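Each remark here refers to the structure printed beneath this line.
Please read all numbers here as calculations on a predicted model, not as lab measurements.
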Amino acid sequence: MNQPTVFDKLKLGFMMGGTVGACLGSLIGIYATMKSGPGPRGYLASIGQYALTSGATFGFFMSIGSVIRTQGTENINKRDIAVLQEYLFRKSIGKPEYASLYRGNQRQFILSEKNL
């Protein structure tokens, strides 16, 4: 099965963000028009402008965030993964001198200071 392209991720992030932003913009627009009146353009145009502006803004940022967040780990080599796992493991047990002695199921790499 093929992985989605960057453009597919961008589209999906924009659609999700645009939908959420349009819903929130509609709610904010309804509140604003109820509070201060619709203005010269009318109710529907005022609420629509809030919804489109909020949807476009939130969709833009969500599309960028989804592309950044879903970058794959295929470019990370095994040594970098091992170093990261060792750091997280040492942080979880608190004492670095005991980290290389632990042999639990949750660790994939048993490393000591000299192997890094």
Which Ile, Leu, Val, Met, Phe, Trp or Tyr residues join Ile30 in one cluster when any pair of side-chain heavy atoms under 4.5 Å counts as a link?
Met34, Ile47
Under 4.5 Å between side-chain heavy atoms, chaining through other members, with only Ile, Leu, Val, Met, Phe, Trp and Tyr counted: pull out the rest of the cluster around Leu44, sorted by chain and number.
none
Would you kindly confirm whether Val67 and Phe7 end up in one hydrophobic cluster when ILVMFWY residues are joined by side chain heavy atoms under 4.5 Å apart?
yes
Taking Phe60 as the starting point, is it possible to reach Ile68 by hopping between hydrophobic residues whose side chains are less than 4.5 Å apart?
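Yes; Phe60 is reachable from Ile68 via cluster members.
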Using every non-hydrogen atom in the two residues, find where Ser63 and Phe14 come nearest and quote the distance to one decimal.
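In terms of heavy atoms, the two residues are closest at CB-N, 3.6 Å.
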Which atom of Met62 lies closest to which atom of Gly13, heavy atoms considered
CG-O, 3.2 Å
Does anything in residues 19-36 form a side-chain hydrogen bond (donor to acceptor under 3.5 Å, both in side chains)? List the pairs, not counting sequence neighbours.
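The answer is none; no pair qualifies.
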For residues 47-59, pull every pair meeting side-chain hydrogen bond (donor to acceptor under 3.5 Å, both in side chains), keeping only residues two or more places apart or in separate chains.
Arg41-Gln49
Derivation of the side-chain contact (heavy atoms from CB on, under 4.5 Å) call for Phe58 and Leu24
CA-CA 10 Å; Phe58 199 80; Leu24 291 175; 5.8 Å; no
Check side chain to side chain donor-acceptor pair (under 3.5 Å) between Thr5 and all other residues, then give those that pass, not counting sequence neighbours.
Asp8
I'd like to check the side-chain contact (heavy atoms from CB on, under 4.5 Å) partners of Leu12; sequence neighbours left out, ordered by chain and number.
Met15, Met16
